[in-house]
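Please read all numbers here as calculations on a predicted model, not as lab measurements. Quick note: residue numbers are just sequence positions, from 1.
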Amino acid sequence: MRLRVQRTALPRNALILTDTPRPDCLDCDGVGGTEHDYGDHTGEYAGTEWEPCPCWTEWRMVLMPLPHRPRWLRRRGNGRDPWGPHGYSDEPPF
């Protein structure tokens, strides 16, 4: 098992411990699995299936949930310079 710490956003921001695929795997080329396209009874494309490689497990564990940013720290702005005339800066960029 090759473990790494990763950040996830769903269902909530958290740090997770997860396994990584073996980078020198000949079956999946280090991706962790292979995708197979399939069709319905008419032969039209219907979707893609994911088949995990034996070199990797889809195991993960939540280490620590990350706190939400307080409302007063969230960005609320329109992207204009508040100190420029009419909200726009007339200085050349350096």
Side-chain angles (χ1 to χ4, degrees):
M1 227 180 206
R2 290 148 309 279
L3 300 176
R4 69 175 168 175
V5 176
Q6 198 175 25
R7 180 186 171 272
T8 184
L10 295 174
R12 182 174 173 202
N13 289 336
L15 291 179
I16 60 172
L17 186 65
T18 183
D19 186 22
T20 57
R22 196 173 68 228
D24 59 346
C25 178
L26 298 175
D27 295 332
C28 68
D29 292 329
V31 176
T34 53
E35 295 178 341
H36 300 286
D37 296 330
Y38 64 92
D40 58 6
H41 66 280
T42 62
E44 294 292 323
Y45 174 77
T48 304
E49 290 182 352
W50 173 263
E51 181 182 341
C53 186
C55 75
W56 176 61
T57 59
E58 296 184 66
W59 172 86
R60 58 182 49 182
M61 181 176 79
V62 175
L63 293 177
M64 175 177 58
L66 297 174
H68 294 288
R69 180 176 282 189
R71 285 186 178 217
W72 60 275
L73 279 178
R74 294 182 187 161
R75 295 183 185 205
R76 294 181 305 269
N78 51 11
R80 292 185 289 171
D81 183 13
W83 292 280
H86 305 292
Y88 293 100
S89 175
D90 60 353
E91 296 181 20
F94 292 105

Nearest atoms (heavy-atom pairs only) where [X] meets [Y]:
| X | Y | answer |
| --- | --- | --- |
| Tyr38 | Thr48 | CE2-N, 3.6 Å |
| Leu17 | Trp59 | O-CZ3, 3.8 Å |
| Cys55 | Cys28 | SG-SG, 3.8 Å |
| Ala14 | Val62 | CB-CG1, 4.1 Å |
| Ala46 | Asp40 | CB-N, 3.8 Å |

Hey, could you give me the [atom1]/[atom2] distance between [X] and [Y], rounded to the nearest 0.5 Å?
| X | Y | atom1 | atom2 | value |
| --- | --- | --- | --- | --- |
| Asp19 | Leu3 | CG | CG | 6.0 Å |
| Thr34 | Asp29 | OG1 | CG | 10.5 Å |
| Cys25 | Trp56 | SG | CH2 | 12.0 Å |

Under the rule for salt bridge (charged side-chain N to carboxylate O under 4.0 Å, His left out), what residues qualify as partners of Asp24, not counting sequence neighbours? Arg22
Take Leu66 and Leu15 through the test side-chain contact (heavy atoms from CB on, under 4.5 Å) and record every step on the way to the result. CA-CA 7 Å; Leu66 297 174; Leu15 291 179; 4.1 Å; yes
I want to check something: taking the side chain as every heavy atom from C-beta on, are Pro21 and Cys53 in contact at a cut-off of under 4.5 Å? no
Using the test side chain to side chain contact (heavy atoms under 4.5 Å, CB included), find all partners of His41 that sit at least two apart in sequence or belong to another chain. none
Around atom CZ of Arg60, are there more than 12 heavy atoms of other residues, nucleotides or ligands at under 6.0 Å? no
Using the test side-chain hydrogen bond (donor to acceptor under 3.5 Å, both in side chains), find all partners of Arg4 that sit at least two apart in sequence or belong to another chain. none
